[in-house]
Structures are given as C-alpha cells and as structure tokens.
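No hydrogens, no waters, no symmetry mates; every other heavy atom, side chains included, goes into these values. Predicted model, so just to flag it, every value in this text is computed and none were measured.
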Amino acid sequence: MAACTAQALEAEKNMLHRRGSGHLALRSVNHISKVCSSVDASVAFYRDILGFIVIKRPQSFEESFEGCWLWRYGLGLHLIKGKPVPRSSCIDPKSDHLSFQADSLEEVEAQLARRGVPYVRQKVVEEGIVVQQLFFHDPDNNMIEVCNCDCLPIIPIDLARCSTCTTEAAAIAGNPLPSLPPSPHVPGPACALQAQQEACSEDEVMSESRDSMDSSRSEQYGTTPRWAAAAGATAAAALALAPPS
C-alpha cells in the first residue's frame, strides 16, 4: 500500500491548524520510555533477545541520570533507571503490553525455549483467520507480545475521518482509485491507514477473543480475502464523503 505523500501530510496538517480544531498534527511514533530497576539487565533483554541496538544518548542525560537508548523496528526505546511500578510475574495476555510482529512464531517460540524465557501461547480465531500470539516478560515483568501480524484487516469505524487519502483506502480492497484533493469541509486525518489504526481497537476487531490483540498477519483464503468486500465498502464510503473535484 503506497504511503501518503509528504505534500498530502503537510496539506492536512495545515488544514487542521487553520481550522483550529481536530486532532494533534502528529506524524509517527518516536519512542517509548520504560523505568527499569536494572539498566544492564533491561539492555541485555531488549538487545540480546529482541534485537534492539544501543544508540547514543545526549551527553547531558549521561551526566544527569542513568539510562540507555535503544532502537530497532522503527521504534526508539528509552530506559531510565528507577523504581518501576510493581507488576505480577504471572503472564496474563490481557495485561498492557508492547507487541511485535514476526513471520514465524514457531522460530520465536523455539528461541524463547532455548533461552529459558517463560511464555504463554495463545490462538485467536476470527472468521476463519487464525492468529498466533506469544506473551512473555522483560526483567521488570513488563509484558511483551510477539504475533504473526498482518492477517486481521484494518477497517476504519469512523468513516468521516477517512477522506483525505482515498487512494490508500481503495488499495486495501485492491482497487486503485484516483486521488481526490483534501476538503476543508470534511474532517479527517492525513491518511486512511492512520484513521484505521486509531479507530480499530483490538476489542472492535476481534469478536471471539478480546484479549490483547494489537497486531495481525495476512493469509489468503481462496482468490479473494474474506475481508476484501468490507474494505471495498470502506473505500467507497470514504470517497462518498469527499466533495467532487
């Protein structure tokens, strides 16, 4: 799926600014921070098990408090030495967590077993789509999930917010459509994909299991995925909201 152009993002940001309303003009996630009891233990976990790399911190931070910056998978992870909130050592998939996607859950599971990392495996079935999940803890019992990720469709609920990038909405259904200019009369974020991610919480996407599914994996069922019709309707509805060019 093609990303929105920088021009489209800038136009949407400026439009929201002129209106003086709407959501914050954000672009992407930069990093998350975690307070940890041992910086060395947390670095070893996120570096050696999850594959993060250590990156340079500002010198003023190095001189004022203990911590470490890591980065991988487009996400920054900032560790801060301190007293983390006590968490149960029981692995509960419904606890808040940080999720990563992987192509082979079997390989990840084997690696966890080799390292002696306790984990819980869970399966979610939604309209014939099977999603596998692995849950385990970091040294401070923060929950980590790994799942095979692109199988559940991302379908926006709030269609009124999905009118700017109609090309992306159409691409979900595999039917490219001509792009339409953003309209100051139609509220919406810069990108239909962003709206989908905002609107589709894990509890809305899965009816059979409501325990912490925040990413998904795609498989084909026959020549047309089961969700293509719904995605096509989403694209058509987004187009209907946009004024004629």
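To the nearest 0.5 Å, atom NZ of residue Lys81 and atom OG of residue Ser42 are 9.0 Å apart. To the nearest 0.5 Å, atoms CD (Glu145) and CD (Gln101) are separated by 10.5 Å. Note that the CG atom of Asn142 and the CD1 atom of Ile144 stand 6.5 Å from one another [nearest 0.5 Å]. Between atom SG of residue Cys68 and atom CD of residue Glu62 there is a gap of 8.0 Å, rounded to the nearest 0.5 Å. Atom CG of Leu134 sits about 6.5 Å away from atom CG of Leu112, to the nearest 0.5 Å. Atom CD of Gln111 sits about 10.5 Å away from atom CG of Leu50, to the nearest 0.5 Å.
Inter-residue side-chain proximity for Leu98 and Leu75 is flagged as met; some heavy-atom pair is nearer than 4.5 Å. The side-chain heavy atoms of Cys36 and Pro139, taken from C-beta on, include no pair separated by under 4.5 Å. Within the 4.5 Å cutoff, the side chain of Glu109 has no heavy atoms near those of the Leu105 side chain.
Nearest heavy-atom pair across Ser89 and His137 is O-CE1, 3.3 Å. Taking both residues in full, the closest heavy atoms of Met143 and Ser95 are given as CE-CB, 4.1 Å, listed atom of the first, atom of the second, then distance. Residues Pro118 and Ile91 share a closest heavy-atom pair of O-CD1, 3.6 Å. In plain terms, the two heavy atoms of Asp48 and Arg115 that are nearest each other are O-NH2, 3.0 Å.
Residues Tyr119 and Tyr46 are members of one and the same hydrophobic cluster, defined by side-chain heavy-atom contacts under 4.5 angstrom among Ile, Leu, Val, Met, Phe, Trp and Tyr. Phe61 and Leu79 fall into different hydrophobic clusters, where Ile, Leu, Val, Met, Phe, Trp and Tyr side chains are chained together by heavy-atom contacts under 4.5 Å. Using a 4.5 Å cut-off between side-chain heavy atoms of Ile, Leu, Val, Met, Phe, Trp and Tyr, with links allowed through other members, Ile53 and Val39 fall into different hydrophobic clusters. In the hydrophobic clustering of ILVMFWY residues, with side-chain heavy atoms under 4.5 Å counting as a link, Ile55 and Ile32 come out apart.
Applying the ring pair (Phe, Tyr, Trp, His ring centres under 6.0 Å) test to every pair with at least one member in residues 72-95, sequence neighbours left out, gives these pairs: His31-His78, Phe52-Tyr73, Trp69-His78, Tyr73-Phe100.
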Tell me, with the steps shown, if Asp92 and Phe135 meet side chain to side chain contact (heavy atoms under 4.5 Å, CB included).
CA-CA 8 Å; Asp92 180 4; Phe135 296 91; over 6 Å; no

Check the pair Asp96 / Arg87 against salt bridge (charged side-chain N to carboxylate O under 4.0 Å, His left out), numbers first and verdict last.
CA-CA 11 Å; Asp96 57 345; Arg87 294 178 180 271; 3.1 Å; yes

Output, in order, the C-alpha distance, side-chain angles, deciding distance and verdict of side chain to side chain contact (heavy atoms under 4.5 Å, CB included) for Val131 and Glu126.
CA-CA 8 Å; Val131 178; Glu126 171 72 8; over 6 Å; no

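Legend: residues meeting salt bridge (Lys or Arg N to Asp or Glu O under 4.0 Å) with Glu106, ordered by chain and number and at least two apart, are Arg121.
Formation of a donor-acceptor pair under 3.5 Å by the Lys34 side chain with backbone atoms of Ile80 is not found in this model.
Figure legend: cation-pi geometry between Arg57 and Phe65, with NZ or CZ positioned under 6.0 Å from the six-membered ring centre and within 45° of its axis.
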